[in-house]
2 protein chains.
Amino acid sequence: MARPLLHDETLRRRLLDTAASRIAHDGAASVSLRSIAAAAGTSTTAVYSLFGGKAELLTAVLDDGFASFAASQQQAAAGGLEALGRAYRRWALDHPALYGLMFGGSLAGQVPCQPTPGAAEPSIAPLFAAVAAALPGASDDEIASMVGVVWGQVHGLVSLELTGAPAAGWSWDAAYDAALGQIGRSLGR
Amino acid sequence: MARPLLHDETLRRRLLDTAASRIAHDGAASVSLRSIAAAAGTSTTAVYSLFGGKAELLTAVLDDGFASFAASQQQAAAGGLEALGRAYRRWALDHPALYGLMFGGSLAGQVPCQPTPGAAEPSIAPLFAAVAAALPGASDDEIASMVGVVWGQVHGLVSLELTGAPAAGWSWDAAYDAALGQIGRSLGR
DNA sequence: CCACGTTACGTAACAGTGTTATGCAATACT
DNA sequence: AGTATTGCATAACACTGTTACGTAACGTGG
């Protein structure tokens, strides 16, 4: 009997890359499976063989995004809380479509894909460590709550900026500076 | 010559209401124009006559949502900053699909509708007033930045909670309490 | 070395989507 | 009453994700 042929890894990567670049260029909304397959020089059924469907392909793109995001956070970890915050915003502004998929997709209820459980954890691990270092005597619950507060603050400002929210009267730069300053003050005390 | 017949207002409202309830029930993603029209007892072309298309119908639903949200905020304005924050979260948790459309739809790049310019302003006006009252001597820029910070904090926590983000180790209740407490402390000082 | 069972994936069909051309009944003014 | 004009139902169109089918390529047992 015959042994099953392994999935073609180069085609898989090519599909992933063209999907990612097409999403980054046109937004996840208007990207069709057919256009991805055609741009990758294959047919739609290849996606079904290699991933299972459009949702799984998007999930794979999204997991790649989480990996890149986590790497960016870990690289900034040495600089402390403020560096983490600035790297967070920079990555999001550099990958707006990916960030939207990662954190806003299921919010809008539009994309039928959600990150693999646990995919986001390496991304916030550096933040956890930084908060724990800044609050030496705090309990685990206090630290965890503070992580939620800081993450919420940073994510909120970034996602409002990305949606093109009005920003009536302020600049996102200034608001972000003020938020980071306030976080530093309330944690550094 | 004949005078044009005014648009049928009852059909317009029925379409708006069934669209809103269907969005609240199934999420904005999986709601089709055909299903809305059928549930309203009419045909898809009625939507084109009355609104112009699906995007405009969604925009109308979304503007209704902003009106309801602004009313909720204005009602809570008397209670100060903390009441505003709690009303913000309560409204969002009560209308998750609408909140996602209002603030996360364009983030995900999935919904081709965006709020009418200026529709969000009445919603944050009470927050503006409360921040200005809490910082009597502050400049306009400082007040505006602070509004951005507070809005970002509240929106970030609420939207993370709505996306079903991991919340590894903390409860959203506790994080929200901590955030509101911190806002009160940094503004009340 | 070669047939064979298994797989990768192109072709073509299907159901469902938003949108649009066509046509008819209802309307309000002359 | 007659008529120009509108509201909206019917049906077609282009497009989407998904799936049955068929074919070419492959690794292995003989």
Side-chain angles (χ1 to χ4, degrees), chain A residues 1-20 22-23 25-62 101 105-106 108-114, chain B residues 1-20 22-23 25-62 101 105-106 108-114:
Chain A
M1 61 199 102
R3 259 276 302 282
L5 196 61
L6 283 182
H7 280 157
D8 189 338
E9 193 62 27
T10 83
L11 181 54
R12 182 186 165 88
R13 269 248 65 88
R14 203 170 35 178
L15 276 170
L16 261 177
D17 291 344
T18 65
R22 212 148 254 265
I23 285 172
H25 191 270
D26 294 334
S30 51
V31 174
S32 75
L33 197 62
R34 283 171 151 88
S35 77
I36 294 175
T42 181
S43 197
T44 60
T45 42
V47 174
Y48 286 83
S49 293
L50 291 169
F51 296 91
K54 187 188 187 184
E56 286 84 356
L57 173 60
L58 289 184
T59 301
V61 171
L62 194 148
L101 256 190
S106 54
Q110 283 283 16
V111 190
C113 74
Q114 44 192 359
Chain B
M1 61 199 104
R3 257 278 301 284
L5 195 62
L6 285 181
H7 281 156
D8 190 337
E9 193 62 29
T10 81
L11 180 55
R12 182 187 165 87
R13 270 247 67 88
R14 203 172 33 183
L15 275 170
L16 261 177
D17 292 345
T18 65
R22 212 148 254 265
I23 286 173
H25 190 270
D26 294 333
S30 51
V31 174
S32 76
L33 198 62
R34 284 171 150 88
S35 77
I36 294 175
T42 180
S43 196
T44 60
T45 43
V47 174
Y48 286 83
S49 293
L50 292 168
F51 295 91
K54 189 189 187 184
E56 286 83 357
L57 173 59
L58 289 184
T59 300
V61 170
L62 194 148
L101 257 190
S106 54
Q110 279 284 30
V111 190
C113 74
Q114 43 192 359

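Heavy atoms only: backbone and side chains are in, while hydrogens, waters and symmetry mates are out. Throughout, protein chains are lettered first and strands after them, A, B, ... in sequence-line order, and every chain is numbered starting at 1.
Between A/Val31 and A/Leu58, every side-chain heavy-atom pair lies at or beyond the 4.5 Å cut-off. For the pair A/Phe51 and A/Leu16, the minimum side-chain heavy-atom distance is below 4.5 Å. For the pair A/Leu11/A/Thr42, a side-chain contact is recorded, criterion being any heavy-atom separation below 4.5 Å from C-beta on. Counting heavy atoms from C-beta outward, B/Tyr48 and B/Leu33 have side chains that approach closer than 4.5 Å.
B/Leu11 has its CG atom 8 Å from the P atom of D/dA9, to the nearest Å. The separation between A/Phe51 atom CZ and C/dC9 atom P is 11 Å, rounded to whole Å. C/dC9 atom P lies 12 Å from atom CZ of A/Arg12, rounded to whole Å. Between the NZ atom of B/Lys54 and the C1' atom of C/dG18 there is a distance of 8 Å, given to the nearest Å. One interatomic measurement links the two molecules: CG of A/Leu57 to C1' of D/dT18, which rounds to 14 Å at whole-angstrom precision. If you take CD1 of B/Ile36 and P of C/dT17, they are 11 Å apart, rounded to a whole angstrom. Taking atom CG on B/Leu33 and atom P on C/dG16, their separation rounds to 16 Å, with Å as the unit. Nucleotide D/dG7 holds its C1' atom 13 Å from the CG atom of B/Leu15, rounded to whole Å.
As judged by a 4.0 angstrom heavy-atom cut-off over every strand, A/Ser43 is placed among the base-contacting residues.
The base of C/dG16 is not paired with the side chain of B/Arg34 by any donor and acceptor separated by under 3.5 Å.
A sub-4.0 Å separation between OP1 or OP2 of D/dC8 and a side-chain N or O of B/Ser49 is absent. Between B/Thr42 and the phosphate of D/dA9, there is a side-chain N or O to OP1/OP2 separation shorter than 4.0 Å.
Considering only side-chain atoms of B/Ser32, the nucleotide from D/dT19, C/dG18, D/dA9 that sits closest is C/dG18.
Scanning all heavy atoms of the two residues, the minimum distance from A/Ala28 to A/Leu101 falls at CB-CG, 4.0 Å.
Along DNA chain D, the nucleotide nearest A/Thr45 and the nucleotide nearest A/Ser35 are compared for position; the residue whose nucleotide lies closer to the 5' end is A/Ser35.
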